Amino acid sequence: MTAVDPTLIDDLDARGLIAQMTGEDQLRSWLADGSRTLYCGFDPTADSLHIGSLVPLLTLRRFQQAGHKPLALVGGATGLIGDPSFKAQERKLNTPDIVANWVEKLKQQVSRFIDFGSAENSAEVVNNLDWTEKLNVLDFLRDVGKHFSINNMIQKESVKQRIDREGAGISFTEFTYMILQSYDFAELYKQHNCTLQIGGSDQWGNITGGIDLARRMYGGQVFGLTLPLVTKSDGTKFGKTESGTIWLDPAKTSPYAFYQFWLNTADADAYKFLRYFTFLSVADIDAIEAADNAAEGRPQAQGILAREVTKLIHGEEGLIAAERITAAMFSGELSDLSESDLEQLKLDGLPSSDLDLSTLSDTPLTTLLADCGMAKAGREVKDALGRNAVFINGEAKGASDNMNAAASFSVANALYSRFFLVKLGKKKNHLFEIAG
RNA sequence: GCAGGGGUUCCCGAGUGGCCAAAGGGAUCAGACUGUAAAUCUGACGCGCAAGCUUCGGUGGUUCGAAUCCACCCCCCUGCACCA
């Protein structure tokens, strides 16, 4: 039997990672007394997870490090239905082939965060479609549905607003989601002796549903633990930026952009995020906070956070690439960059595109920079030009340069006759390479 | 099905014949201040370098002129009825 770390719950608690749990004392001793199997579900709602799923994902890993066996459940079945929990509106159903495709991608992604190789508590990925697919309706209704009381289900906070609220409503399909997820827990209890489900705090209703079902169907005593929803001090939504969601897939959010996201964390959130998203000890994080408070000026927390999380998600190479670009864009002199440095930045994931000089004469900068994705619309570029906040190879451009892109992008001005590094505002950079 | 309420620019939400690309707030972008932070202040915020162009559920109409008026249609909500 694998040795377990009995302080796990205390550590999670100290990190602020426990929103709710069932049978606290019982659960503590249950986890302290032996290696247990737990699971967390991830529904395929896109072709990649985003940082919203990071807290549960990393928590699975914390359990594994403490000697427990994690199961990552990918919701091939539940993804076909859609979880109504705290959703304001009914969602559109995705087609089975799309969901199946996403399931495959999530399986691979999830696999990188927990350890499958080694020990007795090696992780597994399971798919609830495997046991739901062959279930027929009548059996489901008789064997599973009988254990659920509609009276209880409509009391759940997670669906209450959909039931009470004007203008929303809930379909039978989504309403049934809770039953499906409950069935997962019961099934995992039977198949894997899985006795704990973790998830975001929005999953509480679904988790307690599963606990009841496992008891009713198999007489099993199982537990639930939920993790807090990540919030930001300024009240805006965590995990989104102007350019959209922060994904875990490096093809969707480059390690550089990922690193920058964490680096830009507000002071008020930085230490909380260190506790949530890194494996640094709580004592170390407290020490960092104390040191930052004592010091003048810029805190070190964001840098540590960005490094730790980027390394966790994108590995050492991803981190190095992100730091290389950051150094070049925010501190380095352009003249310090060698030709191969520039080539490397492009490979590292600095946004870049090819430039055809021959078509430049009638293209305003506003169009050019909006099209390459630096700004959402020409208007933003225009605004920046009006404030001399556009730099091409370090040279400030103003409104009068707008119609004269050809002069700004001339071979003579190019770095190594090939590259243009364009900066819009303080934080947006783009590398152009002369095509051909 | 009947009655009533409603569909406005990313979101919330004003606007009921011209002064409306459409108040206000949020989100977002840029600038100042800083520390690639927060707060604050400034500017931008349908598209377009511009001239100008395209919007207010849809289609048609009235009018010199419509988000605003009329007709029909679609969708949502609330009652009631129908169904059982």
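First the proteins, then the strands, lettered A, B, ... as listed; each starts at 1. Model, not experiment: these values are computed from the prediction.
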Engineer: Output yes when Lys252(A) and Asp47(A) qualify as a salt bridge under the 4.0 Å nitrogen-oxygen rule, no when they do not.
Structural biologist: yes
Engineer: For A3(B), give the paired nucleotide (Watson-Crick: N1-N3 plus N6-O4 or O6-N4; G-U: N1-O2 and O6-N3; both under 3.5 Å), or none.
Structural biologist: U78(B)
Engineer: Do Gln260(A) and U36(B) share a donor-acceptor pair, side chain to base, under 3.5 Å?
Structural biologist: yes
Engineer: Rounded to whole angstroms, how far apart are CG on Leu369(A) and P on C29(B)?
Structural biologist: 17 Å
Engineer: For Glu343(A), is there an ion pair with Arg418(A) - N to carboxylate O distance below 4.0 angstrom?
Structural biologist: yes
Engineer: If the threshold is 4.0 Å, N to carboxylate O, is there a salt bridge linking Asp383(A) and Arg387(A)?
Structural biologist: yes
Engineer: Any side-chain donor-acceptor pair under 3.5 Å between Lys107(A) and Asn127(A)?
Structural biologist: no
Engineer: Let's test your reading of the model: under 3.5 Å, does the base of U36(B) pair with the side chain of Lys428(A) as donor and acceptor?
Structural biologist: no
Engineer: Can you measure Asp383(A) atom CG to G48(B) atom P for me and round it to whole angstrom units?
Structural biologist: 13 Å
Engineer: Please give the distance between the C1' atoms of G25(B) and G18(B) as a whole number of Å.
Structural biologist: 27 Å
Engineer: Looking at Lys427(A), I'd like to know whether one of its side-chain N or O atoms comes within less than 4.0 Å of OP1 or OP2 on A37(B).
Structural biologist: yes
Engineer: Under 3.5 Å, which N/O atoms of the protein pair with N/O atoms of nucleotides 8-10 of chain B?
Structural biologist:
none

Engineer: In whole Å, what is the span from the NZ atom of Lys232(A) to the P atom of G26(B)?
Structural biologist: 16 Å
Engineer: Please say whether more than 12 non-hydrogen atoms of neighbouring residues, nucleotides or ligands are located less than 6.0 Å from CG in Leu229(A).
Structural biologist: no
Engineer: Can you measure Asn388(A) atom CG to U42(B) atom P for me and round it to whole angstrom units?
Structural biologist: 21 Å
Engineer: At a heavy-atom distance below 4.0 Å, what parts of residues 267-299 of chain A sit against RNA chain B?
Structural biologist: Asp267(A), Arg298(A), Pro299(A)
Engineer: For Leu424(A) and C29(B), what is the distance between atoms CG and C1' respectively, to the nearest whole Å?
Structural biologist: 9 Å
Engineer: Aromatic rings Phe258(A) and Trp262(A): how do their planes relate, parallel, tilted or perpendicular, breaks at 30° and 60°?
Structural biologist: perpendicular
Engineer: Searching all strands shown, indicate the nucleotide that pairs with A38(B) (Watson-Crick or G-U wobble; both distances under 3.5 Å).
Structural biologist: none
Engineer: From CD of Glu380(A) over to P of C45(B), roughly how many Å is that when rounded to an integer?
Structural biologist: 11 Å
Engineer: I'd like to know if Asp286(A) pairs up with Arg275(A) as an ion pair, taking the criterion as any Lys NZ or Arg NE/NH1/NH2 lying under 4.0 Å from an Asp or Glu carboxylate oxygen.
Structural biologist: yes
Engineer: In whole Å, what separates the P atom of G43(B) from that of G26(B)?
Structural biologist: 14 Å
Engineer: Look through every strand shown and name the nucleotide pairing with A84(B) as Watson-Crick or G-U wobble, where both distances are under 3.5 Å.
Structural biologist: none
Engineer: Do Arg28(A) and Asp10(A) sit within salt-bridge range, that is, some charged N less than 4.0 Å from a carboxylate O?
Structural biologist: yes
Engineer: Applying side chain to side chain donor-acceptor pair (under 3.5 Å), run through Gln181(A) and Asp184(A) and close with a yes or a no.
Structural biologist: CA-CA 5 Å; Gln181(A) 183 168 328; Asp184(A) 288 343; over 6 Å; no
Engineer: Compute both the distance and the angle, then confirm whether Lys346(A) meets the cation-pi test with Phe419(A): under 6.0 Å from the six-membered ring centre, within 45 degrees of the axis.
Structural biologist: no
Engineer: If I take atom CZ in residue Phe238(A) and atom C1' in nucleotide A27(B), what distance separates them, rounded to the nearest angstrom?
Structural biologist: 18 Å
Engineer: Name the closest nucleotide to the Thr236(A) side chain, picking from A44(B), A27(B), G31(B).
Structural biologist: A27(B)
Engineer: Taking atom C1' in both G1(B) and G17(B), compute the distance separating them and give it to the nearest angstrom.
Structural biologist: 35 Å
Engineer: For A50(B) and C45(B), measure between their P atoms and round to the nearest Å.
Structural biologist: 10 Å
Engineer: What are the residues of residues 300-322 of chain A, sorted by number, that bring a heavy atom to within less than 4.0 Å of RNA chain B?
Structural biologist: Gln302(A)
Engineer: Which part of the nucleic acid, if any, lies within reach of Ser233(A) when heavy atoms closer than 4.0 Å are counted: base, sugar-phosphate only, or nothing?
Structural biologist: nothing
Engineer: Please tell me which of the listed nucleotides, C29(B), A38(B), A30(B), lies nearest to the side chain of Ala266(A)?
Structural biologist: A38(B)
Engineer: Should Arg215(A) and Asp212(A) count as an ion pair when the cut-off is N to O under 4.0 Å?
Structural biologist: yes
Engineer: Considering only atom P, compute the distance from A81(B) to C70(B) and round it to an integer number of Å.
Structural biologist: 31 Å
Engineer: Both distances below 3.5 Å, Watson-Crick or wobble geometry, any strand: find the nucleotide opposite A66(B).
Structural biologist: none
Engineer: Please measure how far the C1' atom in C49(B) lies from the corresponding atom in C41(B), and state the result in whole Å.
Structural biologist: 29 Å
Engineer: Please report the distance separating the C1' of U9(B) from the corresponding atom of G24(B), rounded so that it comes out in whole Å.
Structural biologist: 14 Å
Engineer: Among A30(B), U36(B), U28(B), which is the nearest nucleotide to the side chain of Arg387(A)?
Structural biologist: A30(B)
Engineer: Round to the nearest Å and state the distance from Lys426(A) atom NZ to A32(B) atom P.
Structural biologist: 6 Å
Engineer: Is there a Watson-Crick or G-U wobble partner for C47(B) with both distances under 3.5 Å, and which nucleotide is it?
Structural biologist: G52(B)
Engineer: Strictly by ring pair (Phe, Tyr, Trp, His ring centres under 6.0 Å), give each pair with a member in residues 342-369 of chain A just once, sequence neighbours left out.
Structural biologist: none
Engineer: Using a strict cut-off of less than 4.0 Å between a Lys/Arg side-chain nitrogen and an Asp/Glu carboxylate oxygen, indicate whether Glu380(A) and Lys382(A) qualify as a salt bridge.
Structural biologist: no
Engineer: Could you check whether Arg324(A) pairs with Asp348(A) (Lys NZ or Arg NE/NH1/NH2 to Asp/Glu carboxylate O, under 4.0 Å)?
Structural biologist: yes
Engineer: For A71(B), which nucleotide is its Watson-Crick or G-U wobble mate, given both distances must be under 3.5 Å?
Structural biologist: U59(B)
Engineer: State the pairing partner of A22(B); accept Watson-Crick or G-U wobble contacts with both distances under 3.5 Å, and report none otherwise.
Structural biologist: none
Engineer: Which residues pass the side chain to side chain contact (heavy atoms under 4.5 Å, CB included) test with Ala257(A), sequence neighbours left out?
Structural biologist: Thr253(A), Ser254(A)
Engineer: So, Asn402(A) side chain and Thr366(A) main chain: donor-acceptor pair closer than 3.5 Å or not?
Structural biologist: yes
Engineer: Please say whether the positively charged group of Arg15(A), taken as NZ for Lys or CZ for Arg, lies over the ring of Phe277(A), i.e. under 6.0 angstrom from the six-membered ring centre and within 45 degrees of the axis.
Structural biologist: no
Engineer: Could you work out the separation of C19(B) and A71(B) based on their C1' atoms and round it to a whole Å?
Structural biologist: 30 Å
Engineer: Between protein and nucleotides 49-54 of chain B, what N or O pairs are separated by less than 3.5 Å?
Structural biologist:
residue	atom	partner	partner atom	Å
C49(B)	OP1	Thr366(A)	OG1	2.7
C49(B)	OP1	Thr367(A)	OG1	2.7
C49(B)	O4'	Asn402(A)	ND2	2.8
A50(B)	OP1	Lys382(A)	NZ	2.7

